[in-house]
Asker: 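Please find one structure pasted underneath; my questions will follow.
For the single chain, residues carry numbers from 1 onward in sequence order. In this text, all values refer to a predicted model and were calculated from it rather than measured experimentally. Any value given below was found using the heavy atoms of this structure, including those in side chains, with hydrogens, waters and symmetry copies removed.
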Amino acid sequence: MGRDTIADVITSIRNADMDRQKVVRIVSTTITENIVKILLREGFIENVRKHRESNKYFLVSTLRHRRNKRRPYRNLLNLKRISRPGLRIYSNYQRIPRILGGMGIVILSTSRGIMTDREARQEGIGGEILLYIW
């Protein structure tokens with residue numbers, strides 16, 4: 001049985017966000033690098049750097065948190081894994097779902113790489129729906 005690296009990334013980011021940690025360490029693969037680049041580009045992550053420890057590479061990401069400490073803490077990141085190893089979900093570019101009326105992001109794995117729903121609609125290609133972010 002193989003490991004689901006995308007679910008590991010989502011879980012580690014979600015756990016760090018709920019625990020109010022500023023930094024999260026993720027194992028570096030090409031898929032995780034592309035997902036973290038999208039999170040950085042969309043403003044969910046402040047900073048990313050690649051770190052090497054004993055022949056393994058890690059992505060050290062700095063999460064963005066709300067600064068108001070008077071109110072109860074509310075998560076900034078909401079991540080949901082859609083397509084998983086046991087059930088793959090595919091969509092063409094016309095049927096890519098809109099999360100919160102376009103406020104959220106859908107990350108897709110297409111034939112041209114991992115991209116957001118806006119980029120896929122603009123290029124007119126569909127693919128496997130990896131995760132939702134809102």
Asker: Check whether more than 12 heavy atoms from other residues, nucleotides or ligands sit under 6.0 Å from atom CD of Gln21, and answer yes or no.
Answerer: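 Yes, enclosed.
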Asker: Among Val106, Asp117, Ile133, find the one that has a side chain to side chain contact (heavy atoms under 4.5 Å, CB included) with Ile99.
Answerer: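 Result for side chain to side chain contact (heavy atoms under 4.5 Å, CB included) with Ile99: Val106.
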Asker: So is Lys80 actually on top of Tyr132's ring, under 6.0 Å and inside 45° of the axis?
Answerer: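 No - Lys80 does not lie over the ring of Tyr132 by the 6.0 Å and 45° rule.
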Asker: Quick one: CG on Asp19 to CG on Leu63, what's the gap to the nearest 0.5 Å?
Answerer: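 Result: 11.0 Å between the selected atoms.
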Asker: Enter the distance from Ile114:CD1 to Thr110:OG1 here, rounded to the nearest 0.5 Å.
Answerer: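 If I round to the nearest 0.5 Å, the distance is 8.5 Å.
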Asker: Under the salt bridge (Lys or Arg N to Asp or Glu O under 4.0 Å) criterion, do Glu42 and Lys37 qualify, and how do the steps go?
Answerer: CA-CA 9 Å; Glu42 296 292 331; Lys37 283 179 188 176; over 6 Å; no
Asker: Look up atom CG in Asp17 and atom CD1 in Ile13, then write down how far apart they are to the nearest 0.5 Å.
Answerer: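 Answer rounded to 0.5 Å: 9.0 Å.
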Asker: With heavy-atom distances below 4.5 Å as the criterion, would you say the side chains of Lys56 and Val27 are in contact?
Answerer: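 The answer is no; the side chains never approach within 4.5 Å.
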Asker: Might you point out which heavy atoms bring Gly127 and Leu108 nearest each other, and give the distance in Å?
Answerer: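 That would be O-CD2, 4.0 Å.
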Asker: Please tell me whether Ser109 and Glu128 have a donor and an acceptor in their side chains that are separated by less than 3.5 angstrom.
Answerer: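 Ser109 vs Glu128: no donor-acceptor pair found between side chains.
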Asker: Do you know which two heavy atoms are closest between Ser91 and Ile96, and how far apart they sit?
Answerer: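 That closest heavy-atom pairing would be OG-N, 3.3 Å.
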Asker: Using 0.5 Å steps for rounding, measure from the CD atom of Glu53 to the CZ atom of Phe58.
Answerer: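 Going from the CD atom of Glu53 to the CZ atom of Phe58 covers 5.5 Å.
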Asker: Could you check whether any side-chain N or O of Thr11 sits under 3.5 Å from a backbone N or O of Asp8, counting only pairs where one atom can act as donor and the other as acceptor?
Answerer: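 Not confirmed, Thr11 side chain does not pair with Asp8 backbone.
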Asker: Please report the closest heavy-atom contact between Ile129 and Pro97, naming both atoms and the distance.
Answerer: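 Closest pair (atom of Ile129, atom of Pro97, distance): CD1-CD, 3.8 Å.
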Asker: Would Met103 and Arg98 count as a side-chain contact (heavy atoms from CB on, under 4.5 Å) if you check the C-alpha gap in whole Å, the side-chain angles of each, and the deciding distance to 0.1 Å?
Answerer: CA-CA 8 Å; Met103 298 288 290; Arg98 295 186 191 273; over 6 Å; no
Asker: According to a 4.5 Å side-chain heavy-atom criterion applied to Ile, Leu, Val, Met, Phe, Trp and Tyr, with indirect links allowed, do Leu77 and Ile105 form part of one hydrophobic cluster?
Answerer: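 Yes.
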Asker: Looking only at heavy atoms, which two atoms of Tyr93 and Arg121 are closest? And how far apart?
Answerer: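 Residues Tyr93 and Arg121, closest heavy atoms: O-CG, 3.7 Å.
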Asker: Between Ile31 and Val9, is there a shared hydrophobic cluster once you connect ILVMFWY residues whose side-chain heavy atoms come closer than 4.5 Å?
Answerer: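 As far as the 4.5 Å side-chain criterion goes, Val9 and Ile31 are connected within one cluster.
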Asker: Does atom CZ of Arg41 have more than 12 heavy-atom neighbours, drawn from other residues, nucleotides or ligands, at distances under 6.0 Å?
Answerer: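 More than 12 within 6.0 Å, yes.
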Asker: Treating Ile, Leu, Val, Met, Phe, Trp and Tyr as nodes and any side-chain heavy-atom pair under 4.5 angstrom as an edge, say whether Leu130 and Ile89 lie in one connected cluster.
Answerer: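 No, it is not one cluster - the side chains of Leu130 and Ile89 are not joined through contacts under 4.5 Å.
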Asker: Under 4.5 Å between any side-chain heavy atoms of Glu123 and Met115, yes or no?
Answerer: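 Yes, at least one pair of side-chain atoms sits under 4.5 Å.
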Asker: How close do Ser12 and Ile26 get, counting heavy atoms only, and between which atoms?
Answerer: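 Looking at all heavy atoms of both residues, the shortest contact is OG-CG1, 4.0 Å.
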Asker: As an exercise, state the distance from OG of Ser61 to CZ of Arg49, rounded to the nearest 0.5 Å.
Answerer: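 Answer rounded to 0.5 Å: 9.5 Å.
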Asker: Are Trp134 and Ile10 connected in the hydrophobic side-chain network, where two residues link if heavy atoms are under 4.5 Å apart?
Answerer: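 No, separate clusters.
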Asker: Of all the heavy-atom pairs spanning Ala7 and Arg81, show the shortest one and how long it is.
Answerer: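 That would be N-NE, 4.0 Å.
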Asker: Please evaluate residues Asp4 and Arg84 with respect to the criterion salt bridge (Lys or Arg N to Asp or Glu O under 4.0 Å), reporting the C-alpha separation (whole Å), side-chain torsions for both, the decisive distance (0.1 Å), and the verdict.
Answerer: CA-CA 8 Å; Asp4 189 8; Arg84 49 193 169 89; over 6 Å; no
Asker: Roughly how far, to the nearest 0.5 Å, is the OG atom of Ser83 from the CD1 atom of Ile6?
Answerer: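 If I round to the nearest 0.5 Å, the distance is 8.0 Å.
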Asker: In terms of side-chain geometry, is the basic nitrogen of Glu119 or Arg112 positioned less than 4.0 Å from the acidic oxygen of its partner?
Answerer: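 Salt bridge: no.
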Asker: Passes salt bridge (Lys or Arg N to Asp or Glu O under 4.0 Å), Glu46 versus Lys22? Steps please.
Answerer: CA-CA 10 Å; Glu46 288 181 7; Lys22 190 84 170 152; 3.7 Å; yes
Asker: Flag yes if Leu131 and Val48 sit in one hydrophobic cluster, no otherwise; membership is Ile, Leu, Val, Met, Phe, Trp, Tyr, and two members link when side-chain heavy atoms are under 4.5 Å apart.
Answerer: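 In one cluster: yes.
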Asker: With heavy-atom distances below 4.5 Å as the criterion, would you say the side chains of Leu40 and Asn47 are in contact?
Answerer: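 A side-chain contact under 4.5 Å is absent here.
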